[in-house]
Amino acid sequence: MEKSSIIGLLSFVIVLLFLFFAFFLLTVKTTKKLSNRLLATFLIITAIDISVFFYRNFINLPLSLEMIRIQISSFKDPLLFLYILSVIYSNFKLKTKHLVHILPWLINIMVLFPVFFMVSEDKKLLFLEHYSETSTFFFSSNFDYILSIIYLIAEIYYLIRYRKLLLENYTNKIYFHNYNWLKQLILFIIIGQILTTIKGILRDNNVVDIAEIMQK
């Protein structure tokens, strides 16, 4: 079996698991509705991002919609960060200030607007053919990498802080349930993140031909 087929099959299984878990989170009765919705949305977006390895076998997306699908991954880090905060703080609520987390996606879309969304279909396809060679791609990829590192540092900071507060105030292990859950969740999510990283490496090295994908 070819490596691309193995990756496609593995991605398909992971996507099904993520979607099943997201459906469960959105339908289960609980007092942690906000946390569940944030995590479910994160899983759905991750599934959409990973689906690049196999979705072309089932559907053909318009080029503009495909670019939006590519850029939707900008929401993953903010959603995971907000989810972690919602688990740590029992009184956590989404506020207007949290709209700042949408900015990375908006910036990427605005950068792409004049060079991709406002041009003809032929030019869009040509742009996708050489996407990894463009200055737009260089900016977006590096911008996303930097933001991912920032979010990761913030998540680790809050987890360490959370653990310190638990150790200072509780001795019973039952109070560490949320902390242990967050650690287990991160291990589970790493699977999806690894696939996303592999996708980026393949794309950056022209192993995954986006233009060819669009034509199938």
What closest approach, in Å, do [X] and [Y] show between heavy atoms, and which atom pair accounts for it?
| X | Y | answer |
| --- | --- | --- |
| V15 | A47 | CG2-O, 3.5 Å |
| F127 | M67 | CE2-CE, 4.0 Å |
| L165 | N169 | O-ND2, 2.7 Å |

Which value, rounded to the nearest 0.5 Å, describes the distance between [X] atom [atom1] and [Y] atom [atom2]?
| X | Y | atom1 | atom2 | value |
| --- | --- | --- | --- | --- |
| I107 | I102 | CD1 | CD1 | 12.0 Å |
| I68 | N108 | CD1 | CG | 12.5 Å |
| F75 | F42 | CZ | CZ | 13.5 Å |
| M118 | S64 | CE | OG | 11.0 Å |
| S86 | I84 | OG | CD1 | 9.0 Å |

Show the numbers, then the answer: is there a side chain to side chain contact (heavy atoms under 4.5 Å, CB included) between L38 and T41?
CA-CA 5 Å; L38 287 170; T41 306; 6.0 Å; no
Q: Could you check whether the rings of F143 and F139 sit parallel, tilted or perpendicular, using 30° and 60° as the cut-offs?
A: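 F143 vs F139 ring planes: parallel.
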Practice prompt. Using the six-membered ring wherever Trp is involved, compare the ring planes of F92 and H98 and label them parallel, tilted or perpendicular (cut-offs 30° and 60°).
Written response: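 Tilted: the ring planes of F92 and H98 meet at 30° to 60°.
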How about N36 and L26: do any of their side-chain heavy atoms sit closer than 4.5 Å?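 No. Closest side-chain heavy atoms not under 4.5 Å.
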Can a donor-acceptor pair be found, under 3.5 Å and without considering hydrogens, that links the side chain of [X] to the backbone of [Y]?
| X | Y | value |
| --- | --- | --- |
| S73 | I70 | yes |
| S35 | K32 | no |
| S140 | F137 | no |
| N142 | F138 | yes |

| task | Among F81, Y157, Y158, Y83, find the residue that satisfies the ring-ring contact (aromatic ring centres under 6.0 Å, His included) test when tested with Y151. | result |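 For Y151, the ring-ring contact (aromatic ring centres under 6.0 Å, His included) check succeeds only for F81.
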So with a 6.0 Å cut-off around CZ of F117, is the heavy-atom count from everything else above 12?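 Counting other residues, nucleotides and ligands, CZ of F117 exceeds 12 neighbours.
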